[in-house]
Amino acid sequence: TNKALFLNYSLGIDDLTADFSNRPYFKCELYIDGIASGLFVIVQEINIGAQMQFNVSGIRNLSAGSHTIDARITRWFNNGAAADFNQDFGTLSSVFDAAYLN
């Protein structure tokens, strides 16, 4: 049977890229068993070379048993940045919680 599962994910990243004038938007989304969950947040980078924080949470119904949950970040909107502009990131923090609700 399906049960409601509360998911909460926080990710802090450090942009290691040199500064430039455009500030793109990034989307962090949770995937469950390789399928987008619809739980996401979109964040605009304030300064290239700065840090960003993503906080994603919500409730999804899952069947009993093992599941794979991962987070994926994509550049959602270039905002004037070249589409092929590469950015390098480092992870500062990553915290994940999941709890079934009765």
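- For the residue pair S37 and R60, the shortest heavy atom distance occurs at O-NE, 2.8 Å.
- For A36 against E29, the heavy-atom pair with the smallest separation is CB-OE2, 3.4 Å.
- Residues S57 and F6 are in side-chain contact: their nearest non-hydrogen atoms beyond the backbone lie under 4.5 Å apart.
- Contact annotation: the side chain of V41 never approaches that of K27 to less than 4.5 Å [non-hydrogen atoms, C-beta and beyond].
- The main-chain N or O of C28 is never found under 3.5 Å from a side-chain atom of R72 such that the two would form a donor-acceptor pair.
- Counting heavy atoms from C-beta outward, L7 and L39 have side chains that approach closer than 4.5 Å.
- The side-chain heavy atoms of M52 and E45, taken from C-beta on, include a pair separated by under 4.5 Å.
- Between D15 and D88 the shortest heavy-atom distance is OD1-O, 3.2 Å.
- A donor-acceptor contact under 3.5 angstrom links the side chains of S10 and N55, judged on distance only.
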Kindly indicate, with the supporting measurements, whether the criterion ring pair (Phe, Tyr, Trp, His ring centres under 6.0 Å) is fulfilled by F89 and F26.
CA-CA 12 Å; F89 296 98; F26 292 90; 5.5 Å; yes
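- No side-chain heavy atom of N8 sits under 4.5 Å from any side-chain heavy atom of F96.
- Between the side chain of T91 and the main chain of S93, no donor-acceptor pair closer than 3.5 Å is present.
- Remark: the backbone N or O of D33 is not paired with any side-chain donor or acceptor of T68 at under 3.5 angstrom.
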Give the C-alpha distance, both sets of side-chain angles, the deciding distance and a yes or no for side-chain contact (heavy atoms from CB on, under 4.5 Å) between F77 and I42.
CA-CA 10 Å; F77 179 65; I42 296 171; over 6 Å; no
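- The hydrophobic cluster containing F40 does not contain I73, counting ILVMFWY residues as joined when their side-chain heavy atoms lie under 4.5 angstrom apart, directly or transitively.
- When every heavy atom of A71 is checked against every heavy atom of L30, the shortest pair comes out as CB-CD2, 4.0 Å.
- Between the side chains of Y9 and S94, at least one donor N or O lies within less than 3.5 Å of an accepting N or O.
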From CA spacing to verdict: side-chain contact (heavy atoms from CB on, under 4.5 Å), I59, L101:
CA-CA 9 Å; I59 297 173; L101 305 174; 3.7 Å; yes
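- Inter-residue side-chain proximity for V43 and W76 is flagged as unmet; no heavy-atom pair is nearer than 4.5 Å.
- Contact check for I32 versus L5: no side-chain heavy atoms found under the 4.5 Å cut-off.
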